[in-house]
K.L.:
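Let me begin by handing over the structure; questions about it come next.
Along the sequence shown, the residues carry numbers beginning at 1. First listed ligand is number 1; within each ligand, the first listed atom is number 1. Atoms considered below: every heavy atom in the structure, side chains included; atoms not considered: hydrogens, waters and symmetry mates.
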Amino acid sequence: MIEMIDPITTSETPAAPDAPERVDLLGLSRQQLAAVLAPVVDKPFRVKQIHQALYERGVRDFSAMTDLSKELRARLAERFRIGLPAIASRHESSDGTCKYLFRLHDGATVEAVDIPDEGRHTFCISSQAGCALACTFCVTGYWGAGRNLTAGEIVAQVLAIRADRDLPAEGLNIVFMGMGEPLLNVESVKGALDVLTESISPQRITVSTVGILPGLEEMARWERRPNLAISLHAPDEERRSQVMPVNRTYPLAELLPALRRYPLEKGRKLTFEYILIRGFNDSLRDADQLSRLLTGLKAKINLIPVNPDPVLGERMQPPDDARVEAFKQRLRQRGWIATVRRRRGDDVSAACGQLRAFGRDPRGFRKKS
Ligand code: SAH
């Protein structure tokens, strides 16, 4: 069932029209909070209290920070805001998957998903409100570019889902597999990771990318690196460029050497995501070619039968189960760890970008070339 929630009753309190733009506190690490709050708070432990209220209790409003004096709460509210998004719609599937459409400060909308699995929760979050890369199998790409999210808007998705589902930070997995390309918004993603890793181990966080080379080089220099997943989707340049135009800018010929140089901590592996599209990249020869392409890399391969959607056209269909299984087995015979991503939340249009598309007038769709 879809619940369309009235944004007026759920959005943050609007500032007076002539008030200066208030600074969003979400997205600031403990250290950054201390610096920003210095002119307002009187004692250092107040920063700790505010940090806790923001990230452990997930408060929406300064008035809920009841361990602070009324006067301090008022001073905070004058200068700062807590950028938790409004839930524009919320969508719970029969398998427990819960999809959210969040409305941000400026009206932009992004999706995030909570995927429970045997008591463990994985949150799939967005890094951009839209995507410019136009991959042919992706609904978000179909709609086109949006803006970069701020670090606060990325962290806020996690907080908003936690609040809605009443979940602690401990034990969560986070994947940057929602809308957008995280490595085209490296600064905000890094800022968000700095906050998220205050309570969640970087080993429980995965950044998924098409392989933007400058972004990868930057990530390689980070001290606490999350896991890295690469969207591969085809075993050769020609086919990859066909479905992922970005391959013309960052081709496999440059991506694979960059991944071979990428510093992996002991015991960690890269993840390769490979969408299976019927009749396009799903033959046993393709599995062999994929296996050769990845030779020498410490990696696991996640096979994803493509999620069809009307806007993607008739040809974007998954192979049947037997073919998916055969592809997986061939990779395993070649020595790879290969898994098939189970489809979740099918009954609620769970594919990337589909939730946002739901509320739109189809006449607004951009024509497919
Ligand atoms: N831009 C990043 C992260 C967002 S997409 C990236 O490309 O990795 C997250 C994953 O969802 C990617 O592997 C993407 O290829 C996959 N995806 C997009 N559309 C899909 C669809 N229709 N069916 C199955 N997977 C899809």
K.L.:
With only distance considered, is His233 within less than 3.5 Å of ligand 1 through an N or O on each side?
P.N.:
yes
K.L.:
At a 4.0 Å threshold, what atoms of ligand 1 neighbour a non-hydrogen atom of Ile304?
P.N.:
24 (C), 25 (N)
K.L.:
Whether Lys190 engages the ring of Trp222 as a cation-pi pair (distance to the six-membered ring centre under 6.0 angstrom, angle to the ring normal within 45°) should be assessed.
P.N.:
yes
K.L.:
Looking only at non-hydrogen atoms, which of Pro182, Pro318, Gly178 approaches atom 5 (S) of ligand 1 most closely?
P.N.:
Gly178
K.L.:
So, regarding Gly180 and ligand 1 (criterion: nitrogen or oxygen to nitrogen or oxygen, under 3.5 Å), is there a contact or not?
P.N.:
yes
K.L.:
In ligand 1, which numbered atoms sit nearer than 4.0 Å to a non-hydrogen atom of Glu273?
P.N.:
10 (C), 12 (C), 13 (O)
K.L.:
Quick one: are the ring centres of Phe102 and Tyr100 less than 6.0 Å apart?
P.N.:
yes
K.L.:
Are any side-chain N or O atoms of Asp286 and backbone N or O atoms of Asp282, one a donor and one an acceptor, separated by less than 3.5 Å?
P.N.:
yes
K.L.:
At less than 4.0 angstrom from any non-hydrogen atom of Ser231, what atoms of ligand 1 do you find?
P.N.:
6 (C), 7 (O), 8 (O), 12 (C), 13 (O), 15 (O)
K.L.:
Taking 4.0 Å as the limit for heavy-atom contacts, which would you say applies to Thr209 with ligand 1: side chain only, backbone only, both, or neither?
P.N.:
backbone
K.L.:
Which of the atoms in ligand 1, numbered in the order shown and given with their element, are less than 4.0 Å from a heavy-atom of Phe176?
P.N.:
3 (C)
K.L.:
For the side-chain hydrogen bond (donor to acceptor under 3.5 Å, both in side chains) test, which of Thr197, Asn173, Asn227 pairs with Arg204?
P.N.:
Asn173
K.L.:
Below 4.0 angstrom, N of the basic side chain to O of the carboxylate: do Glu56 and Arg162 qualify?
P.N.:
no
K.L.:
Does any N or O in the side chain of Arg332 come within less than 3.5 Å of the main-chain N or O of Ala338, such that one atom is a donor and the other an acceptor?
P.N.:
yes
